[in-house]
Amino acid sequence: MHEVDVARADLSIAQLVADLAPIVGADSVLADDASVMTYECDGATLYKATPHVVVLPDTAAQVSEIVKYANRVGAPFVARGAGTGLSGGATALAGGILIGLNRMNRILSVDIENERAVVEPGVVNLWITGRATPDGYHYAPDPASQKACTIGGNVAENSGGPHTLKYGVTTNHICGMEWVMPTGEIVELGGASDDGVGYDIRGLVIGSEGTLGIATKIVVKLTPNPPAYKTMLAVFASLEDASTAVSEIIGAGMIPSSLEVMDRLIIDAVEAAFSFGFPEDAQAVLLIELDGVDAGMEEQAADIVDICNANSAQDVQVAASEEERTLLWKSRKQAFGALGRLAKSYLTQDGVVPRTRLPEVLRTVAEASARHDVRIANVFHAGDGNIHPILLFDESDPAQTERVLQASGEILTKCVELGGTITGEHGVGIEKLAFMDLLFSPADLRIMRDVRSLFDPNGLCNPGKIFPGGGPAAQEAVADG
Amino acid sequence: MADASDRLEPLFVAALGGDAVTVDSDGVDGLGIERPTVRVTPDSVEQIADALRVAVEHDAVVVPTGSGSALALGNLPRGDVLLLSTAKLNETVDYEPRDLTAIVQAGRTLAAVQEETGAEGQMLALDPPNGASATVGGLVATNASGPLRQAYGSTRDVCLGATVVLSDGSVVKCGGRVVKNVAGYDTTRLYVGSMGTLGIVVDAAFRIHPVPETTAVVVGVGDDWAEAAGLARRVVGAPVEPRFVELLDIGDARWGIEVAGGLSPAVLVGFGGSEAQVTHQTNVTREALTSGGAVDVWVDRDDADWRARFADAVHSATERGDAVVKVGGVMADVLPAMQAISDLVGARDMDVQWLSHYTSGVVYAILSSPSAASIADVLGRLRRETTKLRATAVVVSAPVEVRRLVDVWGAPTAPLELMRQLKRKLDPTATLNRGRFVRGLDA
């Protein structure tokens, strides 16, 4: 397990169980070893810490009571949805109370006429689209984990996905929330309208990684389904060619809904699992999707094929049916799963660079891979400049783990140097704490810390995340605990 | 009593030099200030920081201004006002067309941004009520939006980051220049729409969009507003992707449009894209409006004139001394909000001109009346109706006499106490735009 520099709160498990049971019911408080172990980490498996107890509330009032109780006894608390996060946001670093929101999983209303739905935080991302599909609508942000991840977690992380180039990220699709403050008070932030009055607190708390409170009700926007799609898959002999093609597609004034690139290692993995039949010397696959009205789409697709060919594409396929579209997407959607065959552990990075700097950052990834002897697979949202180098290793080998962290650091440092950022959609969490100083000055961070202490004066709401050094609030909380 | 300008002028001349300081001797119309008022025009971020430090020390209330096109927005400021103009910070810091992003200083006008990006076949996809004279700082401060918000969102959706000077003179950065960024808190959202009450935005990064190859507008005229809204609704359900769906009282003489039969309620459906995309969608829309019972339907190529009408209307309303009210709700609120305003206006000697960003649930009502009191009365009653709809009603432009009588913002949609605490944290002396934003924020 990787060392995490936050002390475990000194709390009596028996006391927590006895006090929380009246709030949620005895069978909704879990404290046995097997249960708390289930919650020891999220998708960032390098970082593990077990909560003292897990509670499973069913209502906002219960969440509020739990949080108020935590404040009375000085217990840290962490909200969690599906635990699919990739930066450790849902890991109870200081122990304390883990608030599992999976039972608050009701779609409360779907208002097609106004293109809104009201949902509870434990609702799975894809369920909303499932409910809206018969009416020709969907919920646009579609992280790769959308079959499992919850809207509450999406709000916490301001999640993206492969379609953000055209449709934006979570914050562009949330109008309002019922929100439990870190002190337990229930407040309303925004509403069904996008035209609020006053400070955009909704926007401030989206992406706050569970440190500014807990969403208990979320008003999401529904997006009309595009009348038509055109999905293409181009194979290149180099990542550089694929990246140049991406720049030229966008330079030509087109905004495809997706521009996804996968490199040779990923191709190998998906080939091993699914035998797509990609050329053996292919170094990059570019998945392109256009959506919109049918008219004119053939011409756009033809332009894109021309651009790919002009950049030495080895092969370009255009999906002729919905089945073929699904098949082309399958390689991308199964990429992460397929990697499981290649290594025991993997760490997915999430840096962003201005799109035109993609070739440079990819060179850095390749250099870091060679220098530290770490295999790195690349899959990325090329349209957004959002790279996902996947570092393959065995976490039981400390020396290898250390090399992985070194290589990660070099990649993120380069992203910042090139005018980008250290995380595009996964969050800082625990994993990227050390890199916040690269990106922000002490004055920038002071504002964020001020916001945090204003929301969470007792420093109990998901301590140890986002801010380098654990943040004064977290340190105080742990000292008090 | 000596004018505040006598007290403040020498302080700022000493701090910034005489070149940066002038006095508006007749006061400031849009803010209801009739006494001479000091205006500083810093030429650097450092000078802005210096000006703020002096203002804090000597209790001047700083009203940031760009082109001055949004001075008629907001409650009236309290205290000894110092105008802080961003006019000299008017450069493009960085524009990379192939990245579709630009960082622009606060004092640069939208017109200048559009000219520069237009040369690359691109645009900043914002068409605010105060038009192309709006500055970048003003867009951010007001979270501006216009018809194009249907396709591209409001300023909050296209602003990627900013550099902000706080009232203590510290310079902070938020967000970044890439389209996806979740590092740290999204404090950019805090400044967007904060009316300059938390800090002075000195530059902002934006997502830039390609200009469509061609555009067109389908106009459908209905017998009444219910019918026009019904037509808009049909378009929402049609297999097309409009850039905007607007309602407009097209027969109102102030628009200067010739309409047969003097009919007024119309829906405007804008499209952009390739020739084939636009032609197909205008055909589909024309058919949907015709079969939906529109009494007249036509297509205009190029949407520029139609889009410009929105800003022109707000601008001329401000010039005339009318009040402009913006109701923000959802689509189903559009008709009830218009009905509520009609009922209130009909009972008084008052006139109303309409424009609605229908799909965004936004209604702009331009109210003409010689009496500030009757406009204030209508607004007070309107808020009761919009509260029932869970919509907001903001007076986005009104003469000073009206703003003396009403709170232009109404109740905030986030807890006031939390907003007060944020304000105290970032601007403890309430130096920035004191009194101008949500009531009770800095009382």
Side-chain angles (χ1 to χ4, degrees), chain A residues 113-114 116 157-158 160 164 168-169 171-172 187 189-201 203-204 206-208 227 247 250-251 253 255 292-293 295-296 299 352-356 384-386 419-425 427-428 436 439-441 443-444 447-448 450-451 454 466, chain B residues 96 98-101 121 153-154 156-157 170-174 176-187 189-190 192-194 210 213 239-241 273-274 276-277 279-281 328-332 360-362 390-392 394 409-415 418-419 421-422 425-426 438:
Chain A
E113 185 187 1
N114 291 307
R116 298 287 186 273
E157 303 295 333
N158 194 11
T164 61
V169 295
T171 195
N172 308 110
V187 299
L189 306 176
S193 160
D194 216 1
D195 291 77
V197 169
Y199 298 146
D200 185 6
I201 312 276
L204 177 65
I206 293 173
S208 63
S247 275
I250 289 181
I255 304 278
V293 292
E299 289 89 326
V352 185
V353 293
R355 186 184 303 113
T356 49
D384 302 315
N386 186 189
T421 186
I422 56 176
T423 173
E425 53 188 9
V428 176
M436 285 291 277
L439 199 56
F440 295 108
S441 74
D444 305 339
I447 301 294
M448 294 187 202
D450 279 353
V451 166
L454 189 155
I466 302 180
Chain B
E96 176 45 77
R98 291 174 307 150
D99 286 334
L100 289 170
T101 56
S154 304
R156 101 181 268 282
D157 298 300
S170 57
V171 180
V172 297
K173 283 198 179 285
C174 47
R177 52 162 299 185
V178 284
V179 296
K180 269 165 102 178
N181 186 0
V182 295
Y185 295 153
D186 194 1
T187 46
R189 274 352 101 207
L190 202 48
V192 175
S194 67
E213 195 179 305
V240 291
E241 296 190 326
S274 70
Q277 287 170 330
T279 303
H280 169 76
Q281 296 186 90
V330 291
M331 268 186 270
S360 303
V362 170
R390 295 171 63 88
T392 54
V394 173
W409 301 102
T413 50
L418 195 52
M419 292 173 49
Q421 289 173 12
L422 282 164
K425 203 68 142 175
L426 291 168
V438 173

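Naming convention: chains lettered A, B, ... in sequence-line order (proteins, then strands); numbering from 1 in each chain. Predicted, not measured: the structure shown is a model, and the values here were computed from it.
Chain A forms more heavy-atom pairs under 4.5 Å with one residue of Glu213(B), Gln277(B), Glu96(B) than with any other, namely Gln277(B). Note on Gln281(B), Arg390(B), His280(B): by heavy-atom pairs under 4.5 Å with chain A, the leading option is Gln281(B). Of the residues considered (Ser274(B), Gly176(B), Gly328(B), Ala332(B)), Ala332(B) shows the highest number of contacts with chain A, using heavy-atom pairs under 4.5 Å.
Scanning all heavy atoms of the two residues, the minimum distance from Pro354(A) to Val178(B) falls at N-CG1, 3.6 Å. Taking each heavy atom of Val171(B) and Asp444(A) in turn, the nearest pair found is O-OD1, 4.3 Å.
The shortest side-chain heavy-atom distance between Leu204(A) and Thr187(B) falls under the 4.5 Å cut-off. Residues Ile447(A) and Tyr185(B) are not in side-chain contact: their nearest non-hydrogen atoms beyond the backbone lie 4.5 Å or more apart.
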Val394(B) vs Val197(A), side chain to side chain contact (heavy atoms under 4.5 Å, CB included): CA-CA, chis, key distance, verdict: CA-CA 8 Å; Val394(B) 173; Val197(A) 169; 3.6 Å; yes
Residue pair Arg156(B), Thr171(A): steps toward the side chain to side chain donor-acceptor pair (under 3.5 Å) verdict: CA-CA 10 Å; Arg156(B) 101 181 268 282; Thr171(A) 195; 3.1 Å; yes
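Proximity to chain B (any heavy atom under 4.5 Å) is restricted, for Glu299(A), to the side chain, taken from C-beta onward. Of the two parts of Val169(A), only the side chain, counted from C-beta on, holds a non-hydrogen atom closer than 4.5 Å to a non-hydrogen atom of chain B. The contact between Leu454(A) and chain B is made by backbone and side chain atoms together, counting heavy-atom distances below 4.5 Å. Only the side chain of Leu439(A) comes within contact range of chain B, with heavy atoms under 4.5 Å apart.
To the nearest 0.5 Å, atoms CG (Asn158(A)) and NZ (Lys180(B)) are separated by 10.0 Å.
The backbone N or O of Arg98(B) sits nowhere less than 3.5 Å from a side-chain atom of Ser247(A) that would complete a donor-acceptor pair. Judged by distance alone, the side chain of Arg355(A) and the main-chain N or O of Asp99(B) form a donor-acceptor pair under 3.5 Å.
The side-chain hydrogen bond (donor to acceptor under 3.5 Å, both in side chains) test with Asn181(B) singles out one residue from Thr421(A), Thr423(A), Asn386(A), and that residue is Thr421(A).
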